Each structure stands twice: as C-alpha cells, then as structure tokens.
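Here the structure comes first, spelled out in structure tokens, and everything after it is commentary.
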Amino acid sequence: MRFIVGSRVTKAPIDLESHFRWHGETFADGQVIDTVTPKRGANSDNYTGVRAEPVWDPGRHPGSWRAIWPYSTKRYVRDNRTHNLQEARAREVVDGVKAARAPRFVKSGRTGNLSTRRRWRGRGGWPG
C-alpha cells in the first residue's frame with residue numbers, strides 16, 4: 001500500500017467540498033476529517049449531495065485514495081504569521097525600503113554560474 005505523508009495545501013481540494021457544503025468553513029481545534037480523494041481527475045466517490053463523508057474501502061473506491069485532513073489552530077496561527085511576514089518583506093522590497101536578498105548558491109562575477117555549477121557537479125549534488 002502506498003500513501004502520502006505530510007502533504008500541505010494552499011487551497012481546499014474538491015474532496016473537502018461536501019464537508020464545506022454541509023458543515024461550513026469553520027473547524028474545531030484538533031478536528032480530523034476522514035474522506036476520499038480521486039487519484040486522477042474527478043469521480044463520484046465523494047458525492048456532495050450526501051451529508052456523510054464516505055469511508056474509504058479499496059474494493060469500493062478503486063479510483064480514489066483515503067484522505068485525512070487534520071486541523072490545528074496552532075498551525076493556522078503560525079502559517080498566518082509566516083505569510084504576513086513574507087508579505088510585509090515583499091512589500092518593503094517593492095517599495096524600495098529594503099533591498100532584495102541576494103540569491104544563495106549563485107556566484108556573481110565574471111564567470112557567473114559556471115564556477116558554481118562546477119563545484120556542485122564535483123560534489124555530485126547538482127541536478128543539471
């Protein structure tokens with residue numbers, strides 16, 4: 001059996017659509033939603049017209065994965081704080097208040113990226 005551990009999303013996927021329809025968009029701290037999500041495209045395994053979340057069964061849902069969505073208020077607060085700091089930093093760079101940080105692992109100068117690529121290739125870590 002294969003599965004994904006620790007997937008983060010920025011937008012709620014279609015497998016939460018039925019939950020939002022029947023329960024709204026608010027969550028309790030520690031709430032866990034156990035549902036199914038299609039492997040490819042869309043299918044009718046998670047029909048929004050039914051209030052109960054489907055219980056995943058590999059025999060009944062061959063075209064879907066089991067999806068578990070936990071909610072944590074602590075994580076929500078941390079993610080919002082990080083997002084706000086990133087946005088503030090980007091606005092300062094755009095407004096000219098602060099300089100953009102120089103890119104890491106890129107050597108500027110006469111040779112440009114070539115010497116950096118050679119060093120990474122020598123270490124066996126450069127993918128190109």
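None of these values were measured; they are calculated from a predicted model.
- Scored by the salt bridge (charged side-chain N to carboxylate O under 4.0 Å, His left out) test, R89 finds no partners at all (sequence neighbours excluded).
- For E87, the salt bridge (charged side-chain N to carboxylate O under 4.0 Å, His left out) criterion is met by R91, not counting sequence neighbours.
- The hydrophobic cluster of V97 has no other members, since no ILVMFWY side-chain heavy atom comes under 4.5 Å of it.
- Qualifying salt bridge (charged side-chain N to carboxylate O under 4.0 Å, His left out) partners for E92, counting only residues two or more places apart in sequence or in other chains: K98.
- Minimum interatomic distance between H61 and P54 (heavy atoms only, all atoms of both residues): NE2-CB, 4.5 Å.
- Counting non-hydrogen atoms of other residues, nucleotides and ligands closer than 6.0 Å to OH of Y76 gives a total of 12 or fewer.
- W69 and W22 are not part of a single hydrophobic cluster, where members link through side-chain heavy atoms under 4.5 Å apart.
- Residues forming a ring pair (Phe, Tyr, Trp, His ring centres under 6.0 Å) with H23 (at least two apart in sequence, or on another chain): H19.
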Listing, residues 30-39 side-chain donor-acceptor contacts under 3.5 Å, not counting sequence neighbours, or none:
| unit_1 | atom_1 | unit_2 | atom_2 | d |
| --- | --- | --- | --- | --- |
| Q31 | OE1 | A28 | N | 3.0 |
| D34 | OD1 | R66 | NE | 3.1 |
| D34 | OD2 | R66 | NE | 3.3 |
| D34 | OD2 | R66 | NH2 | 2.6 |
| T35 | OG1 | N46 | ND2 | 3.1 |
| T35 | OG1 | E53 | OE1 | 2.9 |
| K39 | NZ | P62 | O | 3.3 |

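- Using a distance-only test at 3.5 Å, with no hydrogens or angles considered, no donor-acceptor pair links the side chain of W56 to the main chain of A67.
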